[in-house]
J.: 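Below is the structure I would like to discuss, written out as structure tokens.
Computed from a prediction, not measured in an experiment: that's the story for all the values here. Remember, it's 1-based here, ligands and their atoms both numbered in the order they're listed.
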Amino acid sequence: MREKLNQNLIQVIERIEKARIAVDRHRIVRLVAVSKYSTQEEIASLYACGQRAFGENKVQDLKVKSQSLESLPLEWHFIGSLQSNKINALLSLNPFMFQSLHSLGLAEQLQMRLQRESKTLRALLQVNSAKEASKSGLMPEVAQEMYLRIQESCPNIHLCGLMSIGAHTNENAVIKKSFETTYKIFEKLQTQGATMLSMGMSDDFELAIACGSNCVRLGSVLFK
Ligand SMILES: *Cc1c(COP(=O)(O)O)cnc(C)c1O
């Protein structure tokens, strides 16, 4: 298992590097290994190969996996849609980053809890650039304004940038357009301190990097 995961990781890093160097030698691209379909043994093995950041999309799974792997210095990213009744559970796990903040209302609820517990939380605002009903996230037209409002009214949330899921289609041009939409908003927010642009999954991460992503979230291509 370890040998296979190591090979996958090396291949993935080579592909990320190739895509990165083609557009920008100076950009650093983070890799978050999405472990939602993987066991804790697989996560521990990938860590032994050098991978440190992992992502989960369900609070309960994040809890079980992060607690059972507590002895390893892993960096946990929550990437799923967060229901209000799971806020306390998520915060008690102290994730490194919440990548899928999708509304002002949720931000305000988080802020209330964070303030009460004197905690802070790094977060990315999720933008639904492809405007798909099946996805959460803010519409691109309001994303910039909401970003600024959350920055103003939620001091315990440290907004670091944006997250998007590429359009759900086989048409490259449509996926590219969805990434470009998010990149344009990110570009404007860089003056407000946004540094992280999380875009790209197993099927589209090279395209996402070409469109400006500096964080890819990869599951199947790593754990296959
Ligand atoms: C599952 C998931 C991923 C990883 O998907 P793969 O196609 O397996 O790489 C990335 N981001 C989010 C938000 C996910 O839910």
Side-chain angles (χ1 to χ4, degrees), residues 4-5 7-16 19-20 29-40 42-43 45-46 49 51-66 74-83 86 90 93 95-103 106 122-138 140 143 160-172 174-176 178-179 181-183 186 196-224:
K4 177 75 182 139
L5 287 173
Q7 267 178 24
N8 291 350
L9 182 62
I10 289 170
Q11 278 168 10
V12 160
I13 290 172
E14 279 173 3
R15 286 176 62 185
I16 293 173
R20 178 183 78 83
V29 177
R30 279 174 183 261
L31 166 60
V32 174
V34 176
S35 49
K36 65 189 182 196
Y37 301 127
S38 309
T39 61
Q40 68 185 69
E42 289 172 305
I43 298 171
S45 285
L46 200 59
C49 302
Q51 177 63 26
R52 177 176 282 243
F54 291 87
E56 286 287 332
N57 70 339
K58 296 207 171 70
V59 175
Q60 183 57 24
D61 293 348
L62 177 62
K63 184 180 160 84
V64 171
K65 291 177 189 173
S66 65
L74 304 182
E75 182 187 296
W76 287 104
H77 294 247
F78 187 71
I79 59 170
S81 127
L82 179 65
Q83 292 152 317
K86 300 279 166 62
L90 179 68
L93 299 173
F96 176 82
M97 181 175 273
F98 172 37
Q99 290 212 1
S100 36
L101 178 56
H102 58 67
S103 74
L106 179 60
R122 291 185 199 85
L124 302 179
L125 197 61
Q126 185 175 352
V127 185
N128 186 355
S129 293
K131 303 193 175 182
E132 287 165 336
S134 57
K135 280 182 197 144
S136 52
L138 287 160
C160 302
L162 302 176
M163 184 275 246
S164 262
I165 298 174
H168 186 70
T169 165
N170 290 325
E171 275 181 75
N172 257 351
V174 179
I175 303 172
K176 184 162 181 252
S178 68
F179 288 147
T181 299
T182 310
Y183 181 74
F186 175 69
M196 196 158 152
L197 180 57
S198 174
M199 305 192 298
M201 307 181 9
S202 292
D203 290 332
D204 57 20
F205 69 95
E206 282 134 325
L207 180 58
I209 292 170
C211 295
S213 167
N214 62 14
C215 174
V216 292
R217 310 175 307 270
L218 306 183
S220 35
V221 75
L222 273 176
F223 289 103
K224 66 191 171 191

J.: So is D203 polar-close to ligand 1, meaning N/O to N/O under 3.5 Å?
T.: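 By distance alone, the answer is no.
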J.: Can you check which of V221, D204, I79 brings a heavy atom nearest to atom 13 (C) of ligand 1?
T.: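 The nearest heavy atom belongs to I79.
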J.: Any salt bridge between R30 and E75, counting N to O under 4.0 Å?
T.: yes
J.: Within the 4.0 Å heavy-atom shell around L218, which atoms of ligand 1 are there?
T.: 9 (O)
J.: I need the nearest protein heavy-atom contact for atom 11 (N) of ligand 1: residue, atom name and distance, please.
T.: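 For this ligand atom, the closest protein heavy atom is R217 NE, 2.9 Å.
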J.: Would you tell me whether E56 and S35 have side-chain atoms, one donor and one acceptor, within less than 3.5 Å of each other?
T.: yes
J.: Could you list which atoms of ligand 1 come closer than 4.0 Å to a heavy atom of S220?
T.: 6 (P), 7 (O), 8 (O), 9 (O)
J.: What do you reckon, is NZ of K135 surrounded by more than 12 foreign heavy atoms closer than 6.0 Å?
T.: yes
J.: Taking C-beta and beyond as the side chain, do L74 and S66 meet within less than 4.5 Å on heavy atoms?
T.: no
J.: Any chance you could lay out the side chain to side chain donor-acceptor pair (under 3.5 Å) test for S136 and S81, step after step, and finish with the verdict?
T.: CA-CA 7 Å; S136 52; S81 127; 4.6 Å; no
J.: Are any of the N/O atoms in Y37 less than 3.5 Å from those in ligand 1?
T.: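 Checking ligand 1 against Y37, no N or O pair falls under 3.5 Å apart.
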J.: Quick one: pull up CH2 in W76 and CG in L90 and give me the separation to the nearest 0.5 Å.
T.: 12.5 Å
J.: Report the part of K36 in contact with ligand 1, treating N, CA, C, O as backbone and CB onward as side chain, heavy atoms under 4.0 Å; options are side chain, backbone, both, neither.
T.: side chain
J.: How about S202 and S220: does a side-chain donor come under 3.5 Å of a side-chain acceptor?
T.: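 The answer is yes; a qualifying pair exists.
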J.: What atoms of ligand 1 come within less than 4.0 Å of a heavy atom belonging to G219?
T.: 4 (C), 6 (P), 8 (O), 9 (O)
J.: Considering heavy atoms of the protein only, find what lies nearest to atom 5 (O) of ligand 1 and give residue, atom and distance to 0.1 Å.
T.: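 Looking only at protein heavy atoms, the one closest to atom 5 (O) of ligand 1 is M201 CE, 3.6 Å.
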J.: Tell me, which protein residue and heavy-atom name are nearest atom 9 (O) of ligand 1, and how many Å apart are they?
T.: S202 OG, 2.5 Å
